[in-house]
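Naming convention: chains lettered A, B, ... in sequence-line order (proteins, then strands); numbering from 1 in each chain. Side chains are part of it too, since the values below use all heavy atoms of this structure and drop only hydrogens, waters and symmetry mates. If you're wondering where the values come from, they're calculated on a predicted model, not measured in any experiment.
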Amino acid sequence: MYTKTGLESEVNAVPVRTRYAGSPTGLLHVGGAWAAFFNWLFARHHGGAFIIRVEDTDRTRSTEESERAILEDLRWLGLEWDEGPDRGGAYGPYRQTERFALYARYAHALLERGAAYECYCTPEELEAERQRARARQLPQRYSGRCRDLSAAQRAALAAQRRPAIRLRLADFGRAIAVWDLIRGRVEFSPQHLDDYIIIRSDGTPLYNFANVVDDHLMAISHVIRGAEHLSNTPKQLVIYEALGWTPPQFAHLPVILGTDRKKLSKRLGDTAVRDYRRRGYLPEALLNFFALMGWYPEEDREIYSLEELVARFRIEDLGKASPVFDPAKLTWMNGVYMRRALETDPGRVVQVCLAVLLAEGLLAEPVAPEQRAYVEQVVRVLGDRLKVGEDILTYGDFFFREVTFDPAAEQQYLRRPEVRELLRALADRLERDGALNHAAAEAAVRGLAQERGIHSREVIHPARVALTGKTAGPGLFELMELLGRPRVVARLRAAAERAG
RNA sequence: GGCCCCAUCGUCUAGGGGACCAGGACGCGGCCCUCUCAAGGCCGAAACGGGGGUUCGAAUCCCCCUGGGGCCA
């Protein structure tokens with residue numbers, strides 16, 4: 001009955017159409033972005049269409065602002081879609097709240113065919129039922145009380161309240177098999193399934209129903225979604241059959257986990273694409289990283305261009321096990337892309353860093369050309385230390401604001417009796433000289449060290465702390481040149497005051 | 001509680017009966033480079049959850065257990 005898919009069958013004549021169906025109840029989650037990416041890859045690989053559908057039936061939690069933010073982040077990632085709420089298409093509307101008439105129509109079709117029935121139980125009664133079942137450690141299933149009401153009973157109840165609509169499922173009579181492109185055949189026995197509500201008494205549709213109606217009406221050929229929906233699939237298949245529809249092919253992706261091995265949650269760090277965007281990650285790095293969760297296009301290789309990923313994508317190659325999201329590896333990968341951009345397109349790195357500086361309030365819009373040029377210089381000096389945009393702050397904040405002394409650094413290099421005098425002497429030397437460029441800075445520092453008969457390190461380390469507040473960072477002479485003589489001299493003298 | 005899914009280094013994974021005393025990457029440790037850090041180079045520690053089978057032979061196939069995850073308006 002449900003066998004039309006077949007694992008080994010090539011994608012058939014049906015045009016490939018995939019979709020990302022998210023709820024606009026917050027920012028785009030990395031798990032959602034990951035699923036969206038695989039849908040996008042599959043569609044692009046097959047020259048098909050990628051569709052965005054907004055599942056906003058939960059009106060209390062859905063917002064337009066969230067929808068906008070999600071679309072914006074998807075676009076930022078580069079996952080352009082062919083149809084969606086903002087650009088329309090032949091299968092719209094693309095928001096579920098605009099499709100209620102369709103759900104009502106098919107719910108009634110189900111009712112007429114006897115595949116669904118009206119249920120007059122109240123949410124309170126049902127909740128109480130569940131509580132009792134839980135207390136006795138019994139399966140939490142619907143009693144079926146309204147399944148076979150007589151016309152008279154129904155009329156009596158209808159006089160009092162509006163019914164919900166339930167799908168008839170528990171007495172379906174035979175096993176339901178899901179053919180999953182990743183997992184193979186998964187069989188469910190309807191005895192363990194429950195008559196479930198497809199339309200609430202207030203008329204709003206539930207996920208398992210709206211999803212089926214939309215996927216069918218939008219001619220979705222491949223439903224690629226998280227494994228949390230695998231148990232929903234048999235319930236959905238019953239609707240396809242009752243309505244005489246051919247179901248799409250299914251592929252259930254593993255669920256991305258946090259380092260606690262639980263579903264990725266905010267407690268353990270950033271989980272929204274927006275978080276990474278703000279911190280100065282590159283979209284192509286994010287996508288490359290996503291590709292390596294649950295999939296390895298080739299052996300012994302991690303860096304791929306988008307084109308390569310599109311060309312290689314095969315849904316059968318996806319893994320079944322749930323990957324743990326590892327931000328450290330993402331950061332490493334972003335560094336690879338940043339270094340590459342530094343060589344081929346430094347303007348991009350500047351752009352990413354600029355955004356961080358603006359967000360931090362260290363620069364304000366509009367950014368003047370000379371400010372931008374200054375940032376370009378800082379980026380050049382910081383070089384491959386910039387693994388993510390926000391590294392401009394971790395390694396170079398002192399280029400944009402007064403020095404903040406790292407306590408450990410100060411303790412190690414400024415709390416020495418001879419340092420106060422040494423920094424003053426360096427300031428004196430620099431003040432005497434002309435322009436402060438790399439060579440002049442080096443000459444002054446090395447000259448001072450030689451004069452004192454000490455290693456240049458003895459001057460360099462305290463000077464770095466004096467100028468930057470840190471022990472780590474760009475080369476001293478480069479940063480001195482960029483800082484310029486007035487700031488260098490002032491900071492050396494100020495640090496001398498603190499020292500000793 | 002019921003049903004379903006999953007299981008190789010800390011993490012992402014390669015592996016689909018002999019090519020594996022298990023390969024790559026991140027992270028971690030050491031060394032080199034060096035004014036520090038970063039990058040880079042070299043080296044290293046680090047895994048087939050357990051138990052039964054099948055087989056001449058199992059990380060690879062089957063079963064059980066254990067563990068993790070998901071669904072049950």
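In the set B:U13, B:C5, B:C72, B:C5 carries the atom at the smallest distance from any side-chain atom of A:Arg183.
In this structure, A:Glu299 places its CD atom 5 Å from C1' of B:A14, rounding to the nearest Å. As rounded to whole Å, 15 Å separates atom C1' of B:A39 from atom CZ of A:Arg340. The distance between atom CE of A:Met338 and atom P of B:G40, rounded to the nearest whole Å, is 14 Å. Note: CZ (A:Arg166) to P (B:C72) measures 14 Å, nearest angstrom. Distance, A:Glu298 CD to B:C12 C1': 16 Å, rounded to whole Å. To the nearest angstrom, P of B:C12 lies 19 Å from CG of A:Asp317. Distance A:Leu318 CG to B:A14 C1': 15 Å, rounded to the nearest Å. To the nearest angstrom, P of B:C4 lies 22 Å from CG of A:Leu253.
With sequence neighbours left out, the side-chain hydrogen bond (donor to acceptor under 3.5 Å, both in side chains) criterion links A:Thr233 to A:Arg225, A:His252. Judged as a ring pair (Phe, Tyr, Trp, His ring centres under 6.0 Å), and not counting sequence neighbours, the contacts of A:Phe289 are A:Phe325. Take A:Arg314 and apply the side chain to side chain contact (heavy atoms under 4.5 Å, CB included) test, not counting sequence neighbours, and it matches A:Glu316, A:Asp317. A:His438 pairs by the ring pair (Phe, Tyr, Trp, His ring centres under 6.0 Å) definition with A:Phe477, not counting sequence neighbours. Applying the side chain to side chain contact (heavy atoms under 4.5 Å, CB included) criterion to A:Ala21, with sequence neighbours excluded, gives A:Arg19, A:Arg53, A:Glu55. Partners of A:Arg105 according to the side-chain hydrogen bond (donor to acceptor under 3.5 Å, both in side chains) rule, which considers only residues two or more places apart in sequence or in another chain, do not exist here. Partners of A:His229 under the side-chain hydrogen bond (donor to acceptor under 3.5 Å, both in side chains) rule, at least two apart in sequence or in another chain, are A:Tyr207. Residues satisfying the ring pair (Phe, Tyr, Trp, His ring centres under 6.0 Å) test with A:Phe400, not counting sequence neighbours, are A:Tyr374.
Between A:Phe250 and A:Tyr240, the ring planes are perpendicular. Angles over 60° get that label, and only those under 30° would be called parallel.
For the C1' atoms, the distance linking B:A46 with B:G51 amounts to 25 Å, nearest Å. Taking the P atom of each, B:U54 and B:C62 are spaced 15 Å apart, rounded to whole Å. Spacing of C1' atoms, B:C64 relative to B:A22, comes out at 26 Å, to the nearest Å. Separation of the P atoms belonging to B:G29 and B:G17 is 39 Å when rounded to the nearest angstrom. Atom name C1', nucleotides B:A59 and B:C20: the rounded distance is 9 Å, in whole Å. On the C1' atoms, B:C21 is 16 Å away from B:G57, given to the nearest whole Å. For the P atom pair drawn from B:G15 and B:C42, the interatomic distance equals 25 Å after rounding to whole Å. When the C1' atom is used for both B:C26 and B:C9, the distance is 12 Å, rounded to whole Å.
Residues A:Glu187 and A:Ile176 are not in side-chain contact: their nearest non-hydrogen atoms beyond the backbone lie 4.5 Å or more apart.
Pairing partner, B:C31: B:G41, with both Watson-Crick or wobble hydrogen-bond distances short of 3.5 Å. Across all strands shown, B:U54 forms no Watson-Crick or G-U wobble pair with both key distances under 3.5 Å. Using N1 to N3 plus N6-O4 or O6-N4 for Watson-Crick, or N1-O2 and O6-N3 for G-U wobble, each under 3.5 Å, B:C3 pairs with B:G70. Pair assignment for B:G16: none, as no Watson-Crick or G-U wobble contacts are both less than 3.5 Å. With a cut-off of 3.5 Å on both Watson-Crick or G-U wobble distances, the partner of B:A59 is given as none. The pairing partner recorded for B:G10 is B:C26, the criterion being a Watson-Crick or G-U wobble arrangement whose two distances lie under 3.5 angstrom.
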message: Output one letter per nucleotide in nucleotides 26-38 of chain B: B when a protein non-hydrogen atom lies under 4.0 Å from the base, S when only the sugar-phosphate is that close, - when neither is.
response: SS-------BBBB
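Of the residues near RNA chain B, A:Ala321 and A:Val324, the one whose nearest nucleotide (by heavy atom distance) lies more toward the 5' end is A:Ala321.
Aromatic ring centres of A:Tyr196 and A:Phe209 lie farther apart than the 6.0 Å criterion allows.
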Would you tabulate the pairs of protein nitrogen or oxygen atoms and nucleotide nitrogen or oxygen atoms of nucleotides 63-70 of chain B closer than 3.5 angstrom?
| from | atom 1 | to | atom 2 | distance (Å) |
| --- | --- | --- | --- | --- |
| B:G69 | OP1 | A:Lys262 | NZ | 3.3 |
| B:G70 | O2' | A:Glu228 | O | 3.3 |
| B:G70 | N2 | A:Ser231 | OG | 3.4 |

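Contacts with RNA chain B (heavy atom under 4.0 Å) in residues 290-297 of chain A: A:Leu292, A:Met293, A:Gly294, A:Tyr296, listed by number.
Within the structure, side chain to side chain donor-acceptor pair (under 3.5 Å) pairs that include any residue of residues 284-296 of chain A comprise A:Glu284-A:Arg348, A:Asn288-A:Tyr337, A:Tyr296-A:Glu302, A:Tyr296-A:Lys329 (at least two apart or interchain).
Residue-level contact check: A:Glu187 touches the backbone only, with heavy atoms under 4.0 Å from sugar-phosphate atoms and none from bases.
A salt bridge is defined here as a Lys NZ or Arg NE, NH1 or NH2 lying under 4.0 Å from an Asp or Glu carboxylate O, and A:Arg446 with A:Glu451 fails to meet this definition.
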